[in-house]
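Accompanying notes for the structure given below.
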Amino acid sequence: MGKIERYYLELNDRFEAINCNDVFLEFAGSNAMDNIESIFPKEDICIIKNEISTLEVGKNTPICFRMKGLDGKYSWMASNAHRSKHDTSIIRFDIYNLSTAEQDTPEGYYDEMTGVLSKTAITDYAKKLMAQTPTRNFYFFIMDVDNFKGINDTYGHMKGDEVIVEVAHIAKECVGDKGLVGRIGGDEFALVLEKIHEEEQLRNVLRDIRYNVREKYADEDNNFTITTSLGGALYPADASNYDAMFRLADKMLYIAKAKGRDRYIIYTPSVHGDWKDDSEMVTISQRAKQNQVKNTLIMDIMEGLLLKDEISVCDAIKKAIETYMLDEIYLIDKKTGKSTFGITKNNESISLDLSLLAPKDYQPLFENYPIKVINMYDLQKEKYIKFSEFMIQNGFRIIITYYLRNIPDGAYIIYVSKIGSACRFAETDFSDLTYFSRMLELSGKLPECDCSPK
């Protein structure tokens with residue numbers, strides 16, 4: 001696939017041009033903005049108007065049409081039209097000039113489900129950028145939906161497909177004309193951000209994607225939470241070719257997952273070291289073996305606690321702390337906001353008091369299903385500023401909360417990783433701790449004792 005020119009155009013419901021990118025002006029000329037209908041054949045204008053008149057808010061639709069350039073010739077365009085949620089009168093067009101490609105048709109260029117670029121298209125686009133002379137700097141990121149298998153298993157594949165489509169649209173809208181988004185498989189996407197040159201601008205885009213995905217489903221169902229994780233780096237400073245860049249971005253995505261998900265990681269040599277030195281990186285087979293060991297331990301704990309009654313609930317909790325390198329575990333009474341049980345990694349009894357906070361300051365966070373991973377750095381401070389301060393005061397880096405719905409008055413189990421802790425969560429740890437919490441809840445053997453050594 002050749003390099004395809006990409007134009008950006010905004011129209012209102014009166015079919016008036018209100019915004020475009022520089023590449024569009026280079027193709028159509030500045031006068032086109034004053035009389036946008038002059039660059040389309042009349043029959044194509046009817047097609048475009050019909051399509052956008054029925055386009056729902058926040059939705060996308062593909063439209064093919066011809067557009068006249070400065071040379072007076074018409075060229076076929078493939079576009080993706082999107083009606084803005086923020087101003088419903090605005091329709092945004094991502095337009096691709098098919099005449100600039102080596103292929104004559106756009107077949108295979110778009111992902112059929114989401115409307116973003118296909119894996120082949122986004123890969124070819126990144127490789128073409130890398131082959132340009134002089135060399136162009138750009139950021140490359142991989143993004144996926146956290147715990148997507150759990151979404152499919154719990155809510156069904158139709159809901160899973162809906163989530164993929166929405167995440168794709170949000171990413172595309174946040175990236176805008178700063179780059180391209182492609183779906184590279186399942187719930188995984190690639191972002192090529194060739195028009196972002198400042199790290200702060202990059203962080204703004206990545207934050208917007210994460211925040212908008214969370215907000216999209218925040219009010220849909222108290223038990224339904226969708227988050228994303230992203231990892232990436234800068235070409236050519238961090239990697240010299242596409243395969244190396246993809247491996248590096250994938251490693252950064254893994255770190256984002258291991259640190260609790262719902263975050264982005266930008267490769268920083270001073271922080272992450274020389275990524276080419278794989279002696280410091282966990283391989284997929286090593287990771288699988290570690291996860292299998294953890295899973296076996298959890299199963300052994302639950303068998304000894306529930307089936308054979310060979311270990312106490314306190315011993316089971318101590319084993320969970322050891323297995324997952326946790327710093328502290330608490331049981332919090334929902335009604336009082338105070339801990340009825342607490343233990344540290346050193347087997348010391350400890351307490352936690354949330355009663356000085358109003359329930360609205362933390363309960364909406366705690367009552368996500370099945371668990372909620374809360375990171376002190378990425379907490380929505382505008383919404384939960386008091387709880388953010390609470391985490392900082394207590395030195396909590398990451399907490400995982402499980403809502404015990406089936407006990408009188410309700411309670412929360414809180415698993416804690418503190419600032420400076422050696423605890424680094426893997427993706428499978430969240431499923432394990434969910435299972436562990438659920439088994440404790442069903443057993444009725446909740447800790448109320450002092451588990452510290454006598």
Side-chain angles (χ1 to χ4, degrees), residues 1-11 15 17-29 32-33 36-37 39-41 43-45 47-52 55 59-71 73-84 90-132 136 138 140 165 168-184 189-196 242:
M1 179 178 294
K3 180 181 183 300
I4 295 183
E5 285 190 2
R6 176 176 181 243
Y7 315 128
Y8 179 75
L9 177 65
E10 288 185 4
L11 302 178
F15 210 76
I18 54 178
N19 193 16
C20 69
N21 62 2
D22 293 339
V23 186
F24 176 85
L25 294 178
E26 291 172 6
F27 173 83
M33 294 297 287
I36 196 66
E37 293 194 11
I39 66 171
F40 302 106
E43 55 269 34
D44 291 16
I45 292 175
I47 293 172
I48 298 170
K49 286 183 176 180
N50 286 338
E51 290 289 343
I52 65 177
L55 184 58
K59 300 299 182 181
N60 295 265
T61 186
I63 310 175
C64 287
F65 50 78
R66 290 163 292 174
M67 199 163 72
K68 185 165 63 177
L70 285 173
D71 59 3
K73 297 179 180 179
Y74 286 103
S75 298
W76 275 104
M77 306 287 166
S79 75
N80 193 45
H82 172 82
R83 186 176 291 277
S84 172
I90 294 177
I91 300 92
R92 297 176 176 139
F93 292 83
D94 277 317
I95 304 171
Y96 300 90
N97 188 339
L98 302 180
S99 66
T100 61
E102 294 173 359
Q103 295 179 333
D104 294 326
T105 69
E107 184 178 357
Y109 189 71
Y110 291 109
D111 176 66
E112 291 184 4
M113 178 188 289
T114 62
V116 300
L117 299 190
S118 67
K119 179 179 180 179
T120 300
I122 194 71
T123 301
D124 285 352
Y125 188 79
K127 288 181 176 179
K128 291 289 184 181
L129 284 181
M130 291 177 177
Q132 287 183 3
R136 293 180 59 182
F138 68 90
F140 180 87
V165 171
H169 293 171
I170 289 170
K172 191 168 180 290
E173 188 172 50
C174 292
V175 169
D177 63 353
K178 302 176 187 70
L180 294 175
V181 178
R183 183 180 176 213
I184 57 177
F189 299 85
L191 282 62
V192 177
L193 307 171
E194 76 270 26
K195 293 186 180 178
I196 293 180
Y242 180 80

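These numbers come from a predicted model, not from an experiment. We're numbering straight along the sequence, starting at 1.
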Quiz item: For the atom pair CZ (Arg183) and NZ (Lys119), what is the distance rounded to the nearest 0.5 Å?
Solution: 11.5 Å
Practice problem: Check whether any side-chain heavy atom of Asp111 lies under 4.5 Å from a side-chain heavy atom of Phe189, and answer yes or no. | Solution: no
Practice problem: Would you give the length of the straight line joining atom CD of Glu10 to atom CZ of Phe93, rounded to the nearest 0.5 angstrom? | Solution: 10.5 Å
Self-check item: Sub-4.5 Å side-chain heavy-atom contact between Ile47 and Phe65
Solution: no
Practice problem: For residues Ile48 and Phe15, determine if any side-chain heavy atom of one lies less than 4.5 Å from a side-chain heavy atom of the other. | Solution: yes
Quiz item: Is there side-chain contact between Phe140 and Leu129, with at least one heavy-atom pair below 4.5 Å?
Solution: no
Exercise. With the side chain counted from C-beta on, respond yes when Phe40 and Lys68 share a heavy-atom pair under 4.5 Å apart, and no when they do not.
Key: no
Exercise. Assess whether side-chain contact (heavy atoms from CB on, under 4.5 Å) is satisfied between Phe24 and Ile39, documenting all intermediate values.
Key: CA-CA 12 Å; Phe24 176 85; Ile39 66 171; 3.7 Å; yes
Quiz item: Are Glu37 and Lys49 close enough, and set up right, to give a salt bridge (Lys or Arg N to Asp or Glu O under 4.0 Å), and what steps lead you there?
Solution: CA-CA 11 Å; Glu37 293 194 11; Lys49 286 183 176 180; 3.2 Å; yes
Self-check item: Nearest non-hydrogen partners of Leu70 and Ala28, listed with the distance
Solution: CD2-O, 3.7 Å
Quiz item: Nearest 0.5 Å, what's the OH-CE distance between Tyr7 and Met77?
Solution: 4.5 Å
Quiz item: What distance separates Ile91 CD1 from Ile52 CD1, expressed to the nearest 0.5 Å?
Solution: 4.5 Å
Quiz item: Residues in side chain to side chain contact (heavy atoms under 4.5 Å, CB included) with Glu112, at least two apart?
Solution: none
Quiz item: Pro62 and Asn80: which non-hydrogen atoms are nearest, and at how many Å?
Solution: N-OD1, 4.1 Å
Practice problem: Output yes when a side-chain donor or acceptor of Arg83 lies under 3.5 Å from a complementary backbone atom of Leu55, and no otherwise. | Solution: yes
Quiz item: Are Arg6 and Tyr125 side-chain neighbours, meaning at least one heavy-atom pair lies under 4.5 Å?
Solution: no
Quiz item: Is the CG atom of Asp22 crowded by more than 12 outside heavy atoms at less than 6.0 Å?
Solution: no
Practice problem: List the atom of Leu11, the atom of Ala17, and the distance in Å for their closest heavy-atom pair. | Solution: CD2-CA, 3.6 Å
Quiz item: Quick one: which of Asn19, Asn21, Ile36, Ile18 gives a side chain to side chain contact (heavy atoms under 4.5 Å, CB included) with Leu9?
Solution: Ile36
Quiz item: Between Ser79 and Ile95, what is the shortest heavy-atom contact and its length?
Solution: CB-CG1, 3.9 Å
Quiz item: If every non-hydrogen atom of Tyr110 is compared with every non-hydrogen atom of Ala78, which pair is closest and at what distance?
Solution: OH-O, 3.3 Å
Quiz item: How far does CG of Asn60 sit from CD of Glu173, to the nearest 0.5 angstrom?
Solution: 8.5 Å
Quiz item: Mind checking whether Phe138 and Leu193 have side chains closer than 4.5 Å, heavy atoms only?
Solution: no
Quiz prompt | Non-hydrogen atoms of His169 and Thr114 that approach each other most closely | solution = NE2-O, 3.2 Å
Quiz item: Just how far is it from atom NZ of Lys172 to atom CG of Leu191, taken to the nearest 0.5 Å?
Solution: 12.0 Å
Quiz prompt | side-chain contact (heavy atoms from CB on, under 4.5 Å) evaluation trace for Asn97 with Met67 | solution = CA-CA 9 Å; Asn97 188 339; Met67 199 163 72; over 6 Å; no
